[in-house]
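Inspection log for the structure reproduced underneath, given as C-alpha cells.
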Amino acid sequence: MGFLTCGIDYDMIGRVGNHVGRKVKGRNVLSMRPSKSNKPPTQLQLDQRDKMRVVVQWLRRLNGVINEGFKDYDAAMSQMNAAVSLNLKEAVTAVAPFDIDYPKVALSKGKLDTPPQDPAIDTVTAAKLDYSWLMNTGATNAKGTDKVNFVVYNKVKDKFVILRAGAVRSALAYSLQLPANFSGDHVQCYISFVSADGKLVSDSYFVGDHIVV
C-alpha cells in the first residue's frame, strides 16, 4: 500500500498497483515494478545474482562507512546502491565461487586528495597494525585536520574492525588495535580521509593483505 504524505501533489511512499514510490537523497522517485518472467534464468543471470549477493552481504556491515564515503558519488542513487553498483562491476572475482576482489574494493569515492605516496602498514606489534602515511604539500585540498578512517577485514573470522575518525592526517601514523584472536590471520586493510567539516571525502585506498602477529 502506498501513502501520500502531504496530499495528492506531494510524496508517495510505498506501492500503488505497479508503481513504487520512495525518497532517495531527498528526491521523490517513482518507478515501475519489474514484470515477472516465466523463463528459467540463464547461467549468466544466476552468476550475476550470486555476485550481487556476495557484494551486498559484504558491504551491508559497512553502512556507516559507505554512507559517508559515497554521499556525493551519484545523486540519483542511495549511497549503498552506488557502492554496490560500483563494486559489483569492479571488485568481484571473475570465476565461481565468486568472492570479493579485495584490492579493487571501493569504500569511498571523492575529491579529497589522498597522500602523495602509498600509505603503509607495519606488523611488528602483537594484534596491532601500524599505519603510516605522508603529508600532502603544494597545491592540494588536503589539510592536517582531515580525519582518517580505517577498515580491516578478517576473512577467516568473517569480522570487520572499523574505526572512523581514528586519527587526523597530520599525525602521519596510527596504531590500530585488533582482537587478540586475529593473530596469525590474514587481514585486508583500507584507509580513507574525510575533511574536518565532513564535506569532502577521498577515494579509499587498499593498504594490502597483512598477517597479524
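Only heavy atoms go into these numbers, but all of them, side chains included; no hydrogens, no water, no symmetry mates.
To the nearest 0.5 Å, atom CG of residue Asn63 and atom CE of residue Met80 are 4.5 Å apart. Rounded to the nearest 0.5 Å, atoms CG (Leu134) and OG1 (Thr114) are 11.5 Å apart. From Asp101, atom CG reaches atom CD of Gln188 across 10.0 Å, with rounding to the nearest 0.5 Å. Note that CG of Leu86 is 9.5 Å distant from CE of Met77, once rounded to the nearest 0.5 Å. To the nearest 0.5 Å, atoms CG (Asn87) and NZ (Lys104) are separated by 11.5 Å. Separating the CD1 atom in Ile100 from the CD atom in Gln57 is a distance of 9.5 Å, to the nearest 0.5 Å.
A donor-acceptor pair under 3.5 Å is formed between the side chain of Gln45 and the backbone N or O of Thr42. When atom types are taken as modelled, the side chain of Thr93 and the backbone of Asp99 share a donor-acceptor pair closer than 3.5 angstrom. For Ser204 (side chain) and Leu107 (main-chain N/O), a donor-acceptor pair under 3.5 Å exists by modelled atom type. When atom types are taken as modelled, the side chain of Tyr131 and the backbone of Val207 share no donor-acceptor pair closer than 3.5 angstrom. The main-chain N or O of Asn81 is found under 3.5 Å from a side-chain atom of Ser78 such that the two form a donor-acceptor pair. No donor-acceptor pair closer than 3.5 Å links the side chain of Lys147 to the backbone N or O of Ser192.
Under the 4.5 Å side-chain contact rule for hydrophobic residues, Ile191 and Leu178 share a cluster. Both Val54 and Val151 are part of a single hydrophobic cluster, where members link through side-chain heavy atoms under 4.5 Å apart. In the hydrophobic cluster analysis, where Ile, Leu, Val, Met, Phe, Trp and Tyr join through side-chain heavy atoms closer than 4.5 angstrom, Val161 is grouped apart from Val156. Under the 4.5 Å side-chain contact rule for hydrophobic residues, Tyr190 and Leu176 do not share a cluster. Ile66 and Leu200 fall into different hydrophobic clusters, where Ile, Leu, Val, Met, Phe, Trp and Tyr residues are linked whenever their side-chain heavy atoms come under 4.5 Å apart, directly or through other members.
Looking at Asp113 and Thr140, their side chains do bring a donor and an acceptor atom within 3.5 Å of each other. Under the 3.5 Å distance criterion, with hydrogens and angles disregarded, a donor-acceptor pair is assigned to the side chains of Asp130 and Ser175. Checked by atom type, the side-chain pair Asn149/Glu68 shows a donor-acceptor distance below 3.5 Å. For the residue pair Tyr205 / Asp118, a side-chain donor-acceptor distance below 3.5 Å is found, with atom types taken as modelled.
For the residue pair Val152 and Leu129, the shortest heavy atom distance occurs at CG2-CD1, 3.6 Å. Between Pro115 and Trp133, the shortest heavy-atom distance links the atoms CG-CB, 4.0 Å. The nearest pair of heavy atoms linking Ala127 to Gln177 is O-NE2, 3.1 Å. In this structure, Lys51 and Val92 approach most closely via the heavy-atom pair CG-CG1, 3.8 Å. For the pair Asp203 and Lys109, the tightest heavy-atom approach, listed with the atom from each and the gap, is OD1-CA, 3.4 Å. Minimum interatomic distance between Ile121 and Thr123 (heavy atoms only, all atoms of both residues): CG2-CG2, 4.0 Å.
Under 4.0 Å is where a charged nitrogen must lie from a carboxylate oxygen, and between Lys143 and Asp146 no such pair does.
The aromatic rings of Phe160 and Tyr153 sit tilted relative to each other, their planes meeting at an angle between 30° and 60°.
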Yes or no on side-chain contact (heavy atoms from CB on, under 4.5 Å) for Leu112 and Arg169, after CA distance, side-chain angles and deciding distance? CA-CA 12 Å; Leu112 183 62; Arg169 192 190 290 257; 3.7 Å; yes
For Val84 and Val56, run side-chain contact (heavy atoms from CB on, under 4.5 Å): C-alpha distance rounded to whole Å, both residues' side-chain angles, the deciding distance at 0.1 Å, then the answer. CA-CA 6 Å; Val84 168; Val56 169; 4.1 Å; yes
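Lys157 NZ: more than 12 foreign heavy atoms inside a 6.0 Å radius.
Note: Phe206 and Tyr102 fail the aromatic proximity criterion, with ring centroids not under 6.0 Å apart.
Considering only heavy atoms from C-beta on, Lys159 stays 4.5 Å or farther from Pro179 through its side chain.
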